[in-house]
Amino acid sequence: MNIKILSRGASLYSTNALVQAAVKRKHNVQVIDPLNCDIIIEKQKPEIYYRGKKLDHVDAVIPRIGASITFYGTAVVRQFELMNVFTTLKSQALLQSRDKLRSLQILSKAGLGLPKTVFTNYSKDVSEVISHVGGAPLIIKLLEGTQGLGVVLAETKTAAESVLEAFNGLQARVIVQEFIKEAKGADIRVLVVDEQVVGAMKRQGKEGEFRSNLHRGGSASVITLSEEEEQAAIKAAKALKMGVAGVDLLQSDRGPLILEVNSSPGLEGIENATGKDIAKTIIRYIERSL
């Protein structure tokens with residue numbers, strides 16, 4: 001097969017792992033930077049040119065679209081869809097995954113457990129917003145944040161009011177979520193491929209850090225999911241129509257709670273923690289789908 005990986009960096013661990021997995025399975029594979037793609041729109045003749053050369057005879061694409069290029073990256077994925085090329089991530093799913101609020105609304109409708117969340121239009125009554133999630137401590141998240149950036153733990157009501165008023169003054173869109181104390185600064189990342197759990201790890205925030213992201217110094221260890229956790233992860237990926245998804249969840253007294261679903265999950269942490277070749281699993285998913 002002729003596979004294109006949409007990525008800005010061929011040397012990135014996840015991109016390189018996918019290239020190696022495709023090569024081992026005898027496929028032709030090329031990494032292309034979506035920002036260097038030109039989209040040609042014409043009646044019943046959608047085309048993509050990459051650095052001046054027309055891309056044709058493409059069997060599948062694997063989008064690895066960073067948050068900073070969501071708009072153009074999504075347009076490129078959509079163009080491949082119009083060319084009837086199989087993609088491991090649909091353009092609509094990519095857009096939904098980048099909109100935290102929309103994702104939570106979809107997950108809520110699907111009946112999944114979530115931390116109680118409040119979103120307002122820069123409400124002046126921040127005290128009421130705080131009370132809706134059960135008071136402090138609470139979590140405040142920028143809607144556009146990634147990798148733990150733009151996430152604040154407000155430990156007191158006074159701190160929460162100050163942060164919310166500051167964000168409101170900047171007209172920064174945020175959501176407010178209840179703090180799940182029993183999670184103890186840890187979350188679980190579950191990799192779902194083609195509606196199957198293919199790997200899971202527990203991420204623990206470093207001492208004094210409530211965010212468990214590996215980019216922020218957190219540690220990872222392999223974990224065996226409960227049946228309820230496994231089904232929640234699969235259901236979340238399915239609700240957002242993702243063939244490949246990184247589902248982040250918290251362990252709480254009321255069962256698994258979905259934090260978010262990542263459309264371009266990193267492979268390094270989970271491959272190292274589990275010892276599994278997740279990249280190979282993604283390539284085999286493409287093979288089954290064509």
Side-chain angles (χ1 to χ4, degrees), residues 1-99 144 146-147 191-194 198 215 240-246 261-271 277-290:
M1 289 189 299
N2 187 9
I3 300 172
K4 306 296 184 187
I5 301 174
L6 304 180
S7 172
R8 298 222 65 206
S11 62
L12 295 173
Y13 179 95
S14 300
T15 302
N16 186 56
L18 289 162
V19 169
Q20 297 304 318
V23 169
K24 284 179 183 176
R25 296 191 65 78
K26 312 298 184 190
H27 300 302
N28 294 317
V29 60
Q30 180 187 13
V31 178
I32 62 175
D33 183 343
L35 294 188
N36 288 328
C37 290
D38 295 327
I39 296 169
I40 312 300
I41 301 170
E42 190 179 353
K43 182 181 178 182
Q44 295 184 334
K45 194 184 175 185
E47 294 176 335
I48 294 178
Y49 280 76
Y50 181 61
R51 293 178 174 166
K53 185 179 179 181
K54 182 180 174 182
L55 293 179
D56 50 18
H57 307 299
V58 179
D59 296 303
V61 295
I62 305 174
R64 301 286 309 173
I65 306 297
S68 63
I69 62 164
T70 297
F71 177 81
Y72 199 79
T74 301
V76 173
V77 175
R78 190 183 302 116
Q79 189 77 350
F80 275 115
E81 290 172 347
L82 292 173
M83 293 162 59
N84 296 315
V85 174
F86 175 79
T87 174
T88 57
L89 177 69
K90 300 293 185 187
S91 57
Q92 191 63 25
L94 173 56
L95 281 177
Q96 286 177 171
S97 76
R98 293 289 154 78
D99 185 335
E144 301 297 324
T146 61
Q147 297 180 350
L191 249 292
V192 179
V193 177
D194 194 19
V198 299
H215 293 88
L240 292 170
K241 296 181 171 62
M242 290 187 195
V244 177
V261 184
N262 194 310
S263 57
S264 294
L267 303 183
E268 185 173 12
I270 198 157
E271 287 196 341
D277 190 343
I278 307 293
K280 177 182 174 181
T281 304
I282 293 171
I283 299 301
R284 295 192 68 178
Y285 161 47
I286 294 172
E287 293 169 351
R288 290 195 304 273
S289 302
L290 292 175

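- The CE atom of Met242 lies 11.0 Å from the CD atom of Gln92; values are rounded to the nearest 0.5 Å.
- Scanning all heavy atoms of the two residues, the minimum distance from Pro63 to Ser264 falls at O-OG, 4.0 Å.
- Pairing each heavy atom of Glu271 with each of Ala17, the nearest pair is OE1-CB, 4.4 Å.
- When each of Asp33, Val31, Thr15, Ile32 is tested with Arg8 by the rule side chain to side chain contact (heavy atoms under 4.5 Å, CB included), just one qualifies, namely Asp33.
- Side-chain atoms of Glu47 do not come within 3.5 Å of backbone N or O of Lys54 as any donor-acceptor pair.
- Using a 3.5 Å distance cut-off with no hydrogens or angles, the side chains of Gln30 and Tyr50 do not pair a donor with an acceptor.
- Interatomic distance, Leu267 CG to Asp277 CG, rounded to the nearest 0.5 Å: 9.0 Å.
- Annotation: the span from Ser263 atom OG to Lys241 atom NZ amounts to 15.0 Å, rounded to 0.5 Å.
- In this structure, Leu35 CG and Cys37 SG are separated by 8.5 Å, a value rounded to the nearest 0.5 Å.
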Carefully, step by step, assess Thr88 and Ile286 under the rule side-chain contact (heavy atoms from CB on, under 4.5 Å).
CA-CA 7 Å; Thr88 57; Ile286 294 172; 3.7 Å; yes

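- The heavy-atom pair separating Ala22 from Val29 by the smallest distance is CB-CB, 3.9 Å.
- No side-chain donor-acceptor contact under 3.5 Å links Glu268 and Ser14.
- Here the CD atom belonging to Gln79 is positioned 10.5 Å from the CG atom belonging to Leu55, to the nearest 0.5 angstrom.
- The shortest distance between side-chain heavy atoms of Ile41 and Pro46 does not fall below 4.5 Å.
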Please determine whether side-chain contact (heavy atoms from CB on, under 4.5 Å) holds for the pair Ser97 and Leu94, giving the CA-CA distance in whole Å, both sets of side-chain angles, and the decisive distance to 0.1 Å.
CA-CA 5 Å; Ser97 76; Leu94 173 56; 4.2 Å; yes

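- Between the CG atom in Leu18 and the NZ atom in Lys280 there is a gap of 14.0 Å [rounded to 0.5 Å].
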Could you go step by step and tell me if Ile48 and Ile40 meet the side-chain contact (heavy atoms from CB on, under 4.5 Å) rule?
CA-CA 6 Å; Ile48 294 178; Ile40 312 300; over 6 Å; no

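- Pairing each heavy atom of Leu6 with each of Phe80, the nearest pair is CD2-CE1, 4.0 Å.
- Side chain of His27 to main chain of Met1: a donor-acceptor pair is present (N/O by atom type, distance under 3.5 Å, no hydrogens or angles).
- Looking at heavy atoms from C-beta onward, Gln96 lies out of side-chain contact with Val261 at the 4.5 angstrom threshold.
- In terms of heavy atoms, Arg98 sits closest to Ile65 at NH2-O, 2.6 Å.
- The main-chain N or O of Asn2 is found under 3.5 Å from a side-chain atom of Asp59 such that the two form a donor-acceptor pair.
- Counting non-hydrogen atoms of neighbouring residues, nucleotides and ligands closer than 6.0 angstrom, the CZ atom of Arg284 reaches no more than 12 such neighbours.
- Of all non-hydrogen atoms in Val244 and Pro265, the two that sit nearest each other are CG1-CG, 4.4 Å.
- Paired with Ile62 under the rule side chain to side chain contact (heavy atoms under 4.5 Å, CB included), one option of Thr87, Ile3, Leu89 passes, and it is Ile3.
- Leu95 is listed as a side-chain neighbour of Arg78, based on a closest heavy-atom distance under 4.5 Å.
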Yes or no on side-chain contact (heavy atoms from CB on, under 4.5 Å) for Val192 and Val198, after CA distance, side-chain angles and deciding distance?
CA-CA 6 Å; Val192 179; Val198 299; over 6 Å; no

